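Here is the structure we will look at.
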Amino acid sequence: MKRRLFVLTVVAALPVAALLAPMAANAVSPAGGGPKAASTCAPVPVSAPQGTEVEEVRAVANAGGAISFPPAPPLPDHPPLAGVPAWCDITVTVTHPGAADKVTIKVSLPQDNKAWNGRFQATGGSAYLAGELLYPLVAGVKGGYATAATDAGVGADPLDPSAWAGNPQLVKNFASRSMHDLAVVGKSVTKNFYGKAQFWSYWNGCSTGGRQGYSEAQNYPADFNGILAKAPAIDWARFAVGTAWSQAVFNEYEVKPSPCELEAFNTAAVKACDTLDGVPDGIVDVPQNCEWDARELVGAEVVCDGRTITVTKAVADAVTRIWAGPKGYPGPNKGASLAFLATPGTPFFVSDAWVKFFVTRNPGYDLSKIDFKTFDKLYAASVEQYDSVIGTDHANLGKFAASGGKLLTWHGQSDQLIPTDATVRYRERVNRIFGGNRTVDHFYRLFLVPGVDHCGASGPTISDTDALAALTKWVEHGTEPKTLPAAGTSPTGVSVSHPVCSYPDVARWTGKGSVTAAANYRCVRA
């Protein structure tokens, strides 16, 4: 039986006037300064950025130990955590004058100074959720971090933004403002709880959380020393419509292939390109180099749910167009499941909500009926209305680099939700500004992980422990990460262990020794 999350309810609230420190953007004292470290779990003074007001500060003490987490659908269930030290949750409610919003920022801190590693970590959200206020915070505490998250005032539903999409202030919160609030408030709470500021601060997020990390690097470059931004949903105004491209393709080609039929194309592509890297493991190492043509499957028979389907040229041409993507935005890689981005009549849920509640402001809009002309109009309208608000595609990271910040990104080559090449295109734009990989690698590293889907739910992925360790060594010791370790099981059941090389290099088997041993690989230019 799972143990329920045990919380010792020691809750206190003080008047705002007694809690507010002087307002200042990025107000952080030098390490070692400030008041005496808190010996009990209690509210502390809080600094906030200019334009952000603190309304309430509450504290709740937690006993620690073995912690399990209640289901919170549609989010995935989280595994229990053992050996969590006692910690204090300090919850800060803030507002922005004129915005009529209430934003929750929650900071979880190891109670004992000796259990704190001296670092602050902010965590991100997913889809239309700005941040998860339970599991990531407890996991961070177990790792020794003072860890924080925010709901940005938009609630806790990652699927349905209809309640706040029409409020420009809440959209601004979700896009960027609340991440900066989180950084400033979270570091202020940490400093005043322990009596000294954190030595280092980090961002950690995937998907929307990855986009939020890029937003911080671009808009508030001094907020974090290190940013771990995985599978980032950057260039959001294009991503949120570009991933509905398949609906226009299906309608233009007048086809409705079943998920099984579509998967047959991926199966054939993987079979054709699996061994381009010399290792038969059911993974297309570099999908961008896979030249298999979908038309080679025309005339083949595919058995789906007991029914035999003969693949037509129209379906093959549609798959080719989906893989290519629309003008200005990439399609999914060969080998990535098409179930989310290419199901006839069922648009990707992020796209569907974005078009209904943000672009057209028509909750009844049927995205499944679009053609190429309609798609182009929606795409252009999204960029025109929201690129400056939530685009997160500014490639000049000069201020971030000058601040000493380090940005580490990994993105699965089989990501079924966010096309990997969107991240590659951004990195290439940064390269053009700074003169190429050699310069950019000093502050921004990208790792493309073969056979891994969105945020590493399956495939031989990179663990957060390893990624954070590499980022920490880079930030705190100047050790640039040239490889990251990946391990897990391939789609064909093959155990995989190999290094993932910093872009644009890829890992190649030396031809000697086991293909599942990381030591037998070296990095070469793709």
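Note that this is a predicted model, so its numbers are computed, not measured.
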(message) Can you pull out every side-chain hydrogen bond (donor to acceptor under 3.5 Å, both in side chains) where at least one residue sits in residues 505-514? Sequence neighbours excluded, please.
(response)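 Qualifying pairs: Asp285-Arg508, Asp505-Arg525, Ser514-Thr516.
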(message) Could you go through Asp415 and Thr420, starting from their C-alpha distance and side-chain angles, then the distance that decides it, and tell me whether this counts as side-chain hydrogen bond (donor to acceptor under 3.5 Å, both in side chains)?
(response) CA-CA 6 Å; Asp415 195 316; Thr420 311; 5.5 Å; no
(request) Determine whether Val279 and Val496 make a side-chain contact, defined as any pair of heavy atoms from C-beta on separated by less than 4.5 Å. (result)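 With C-beta onward as the side chain, the pair stays apart.
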Between the main-chain N or O of [Y] and the side-chain N or O of [X], is there a donor-acceptor pair closer than 3.5 Å?
| X | Y | answer |
| --- | --- | --- |
| Gln121 | Thr147 | no |
| Arg427 | Thr423 | no |
| Ser215 | Arg211 | no |
| Thr461 | Gly459 | no |
| Thr343 | Ala339 | yes |
| Ser382 | Tyr379 | no |
| Trp354 | Phe357 | no |
| Tyr145 | Leu137 | no |
| Lys142 | Leu81 | no |

(message) With a 6.0 Å cut-off on the ring centroids, do Phe443 and Phe434 count as close?
(response)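 Yes - the distance between ring centres of Phe443 and Phe434 falls below the 6.0 Å cut-off.
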(request) Please confirm whether Phe120 and Trp203 have ring centers closer than 6.0 angstrom. (result)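 For Phe120 and Trp203, the ring centres are not under 6.0 Å apart.
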(message) With a 6.0 Å cut-off (strictly less than), is the heavy-atom count around CZ of Arg429, excluding the residue itself, greater than 12?
(response)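 More than 12 within 6.0 Å, yes.
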(message) Tell me whether Phe340 at atom CZ has more than 12 heavy atoms from other residues, nucleotides or ligands lying less than 6.0 Å away.
(response)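 Atom CZ in Phe340 is not packed in, count stays at 12 or less.
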(message) Show me the pairs that pass ring-ring contact (aromatic ring centres under 6.0 Å, His included) and involve residues 450-474, at least two apart or across chains.
(response)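 Output for this query is empty, none listed.
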(message) Walk me through whether Asp464 and Lys230 qualify under salt bridge (Lys or Arg N to Asp or Glu O under 4.0 Å).
(response) CA-CA 10 Å; Asp464 245 24; Lys230 302 158 287 187; 2.7 Å; yes
(message) Can you pull out every disulfide (SG to SG under 2.5 Å) where at least one residue sits in residues 425-475? Sequence neighbours excluded, please.
(response)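 Sorted result for residues 425-475: Cys206-Cys455.
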(request) Please determine, by modelled atom types, if Tyr214 and Thr409 share a side-chain donor-acceptor pair under 3.5 angstrom. (result)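 Tyr214 vs Thr409: donor-acceptor pair found between side chains.
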(message) Looking only at side-chain N and O atoms, does Ser351 offer a donor or acceptor that is under 3.5 Å from a partner on Thr243?
(response)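 Yes, Ser351 and Thr243 have a side-chain donor paired with an acceptor closer than 3.5 Å.
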